[in-house]
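A short write-up of the structure that comes next.
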Amino acid sequence: RVKATKKGSILFYDDSVSEQIKYRMTVEDELVRVIKRDEMYICYQPQIDLKTNKLYGVEALARWKNEKLGFVSPETFISIAEEIGLIHSLGFYLFRKACEGLIEKFPNGKEAIALSFNVSPLQIFDPSFGMSLVQMCQEIGIDTDRITLEVTENIPISDLKNIQPYLTELREAGFGLSLDDFGTGYSSLSYINNLPLTEIKIDRAFVNQFLENHQTEMLVRMILGIGQSCGTRVVSEGVETIEELNKLTDMGCDLAQGYYFDAPIRIEELAKKCSENMEYGSPQALTRYSIK
Ligand code: C2E
Ligand code: MG
Ligand code: MG
Ligand code: MG
């Protein structure tokens with residue numbers, strides 16, 4: 001009946017406004033207790049290197065299942081956490097979880113795989129964020145250069161103008177930096193060129209359309225070109241079919257993730273697949289990626 005939209009506002013089919021407000025208040029109420037109750041967990045979505053068809057790394061995606069609310073989508077709880085000022089503590093809580101979960105199954109060294117973690121622009125603009133993050137990595141014992149921080153391109157242009165020094169500090173601390181949801185935001189090439197990015201991610205809205213729509217195909221080509229001239233790798237998100245995958249590979253895309261390979265899964269499941277060196281999925285896709 002009540003459905004959360006992308007921005008965290010609530011959409012109604014047949015409910016009254018007061019019920020809408022009640023839902024939102026319940027989410028806030030439950031959200032402030034999340035860390036104490038340790039109610040969230042991380043799923044990891046494999047990212048595949050399209051040159052080798054091997055597992056390159058994973059993107060950590062937060063999951064929340066609450067007794068009263070059931071599953072709440074990250075788009076809903078992240079934007080509410082941002083609004084009520086909870087994103088800072090929640091962000092650290094999730095970052096620690098993501099790193100600890102990964103490092104337990106994939107320690108530093110030969111078998112290490114990369115970790116991508118989404119951060120809110122509000123976190124980036126916190127002056128002590130970089131230092132705290134580095135400290136946390138040292139505590140956990142994970143190298144910062146295994147980690148890429150994803151920041152969405154979909155932020156106000158004024159933020160994009162001011163974000164450069166903060167990103168530079170993070171880059172100098174060793175973190176990789178990815179511009180997420182690329183193509184959906186406002187950044188102009190001159191801003192992007194000034195940012196110390198190591199990666200851009202093509203939004204899945206484009207990936208899902210570019211086979212049918214010539215305009216979108218040109219756009220995807222353009223983004224790949226931008227990646228090439230900026231010296232960043234390009235990741236396609238939301239790859240769901242072999243046709244999309246083949247075309248993106250031909251076009252020179254570096255990495256891909258999406259349901260074609262795997263949904264976001266628990267780290268135990270990924271570790272199991274890796275230890276069995278399983279090439280999993282539909283039979284026609286048996287060679288689509290190997291772990292080692
Ligand atoms: P995002 O970083 O752009 O993540 C990609 C979203 O696409 C994820 O949704 C993922 O589950 C979904 N996805 C992956 N492959 C496919 C596919 O093949 N098809 C389709 N239709 N969808 C696919 P999810 O997990 O619901 O996350 C939504 C957004 O929430 C993320 O977008 C990210 O911006 C945010 N988010 C998630 N976890 C965190 C977190 O720990 N911190 C912060 N700040 N944001 C987070
Ligand atoms: Mg992301
Ligand atoms: Mg994205
Ligand atoms: Mg997205």
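For ligands, and for the atoms within them, numbers begin at 1 and follow the listed sequence. These numbers come from a predicted model, not from an experiment. We're numbering straight along the sequence, starting at 1.
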Any N/O pair Tyr260/ligand 1 closer than 3.5 Å:
no
Gln123 versus ligand 1: do any nitrogen or oxygen atoms come within less than 3.5 Å of each other?
no
Using every non-hydrogen atom in the two residues, find where Ser116 and Gln47 come nearest and quote the distance to one decimal.
OG-OE1, 3.8 Å
Decide whether the shortest distance between a heavy atom of [X] and an atom of ligand 1 is less than 4.0 Å.
X: Arg63; value: yes
X: Asp180; value: yes
X: Ser120; value: yes

Would you check if there is a donor-acceptor pair between the side chains of [Y] and [X] at a distance under 3.5 Å?
X: Glu82; Y: Ser120; result: yes
X: Arg233; Y: Thr148; result: yes
X: Asp254; Y: Tyr56; result: no

Which ligand 1 atoms are under 4.0 Å away from a heavy-atom of [X]?
X: Leu94; answer: 41 (O)
X: Pro264; answer: 11 (O)
X: Gln45; answer: 14 (C), 15 (N)
X: Gly258; answer: 15 (N), 18 (O)
X: Gly238; answer: 16 (C), 17 (C), 18 (O)
X: Glu240; answer: 17 (C), 18 (O), 19 (N), 20 (C), 21 (N)

Is the ring centre of Phe106 less than 6.0 Å from the ring centre of Tyr44?
no
So Asp262 and Gln257, side-chain hydrogen bond (donor to acceptor under 3.5 Å, both in side chains) or not? Walk me through it.
CA-CA 8 Å; Asp262 236 321; Gln257 65 184 98; over 6 Å; no
Salt-bridged, [X] to [Y], with N to O below 4.0 Å?
X: Lys272; Y: Glu268; answer: no
X: Glu30; Y: Lys68; answer: yes
X: Lys201; Y: Glu150; answer: yes

Heavy atoms only, cut-off 4.0 Å: how does [X] contact ligand 1, side chain, backbone, both, or neither?
X: Asn118; answer: both
X: Ala62; answer: both
X: Gln257; answer: neither

Which residues and atoms, protein N, O or S only, are under 2.8 Å from the Mg ion (ligand 2)?
Glu59 OE2, Asn118 OD1, Glu150 OE1, Asp180 OD2
Kindly say whether Gly185 contributes a backbone atom to a donor-acceptor pair with the side chain of Glu153 at under 3.5 angstrom?
yes
Donor-acceptor pair, side chain of Arg171 and main chain of Leu177, under 3.5 angstrom
no
Across all chains, not counting sequence neighbours, the side chain to side chain donor-acceptor pair (under 3.5 Å) partners of Asn193 are none
When you measure from atom 3 (O) of ligand 1 to each heavy atom in Thr184, Asn208, Asp181, Asp203, which option holds the nearest one?
Asp181
Considering the options Thr184, Asp181, Asn118, Asp203, which one meets the side-chain hydrogen bond (donor to acceptor under 3.5 Å, both in side chains) requirement together with Thr152?
Asp181
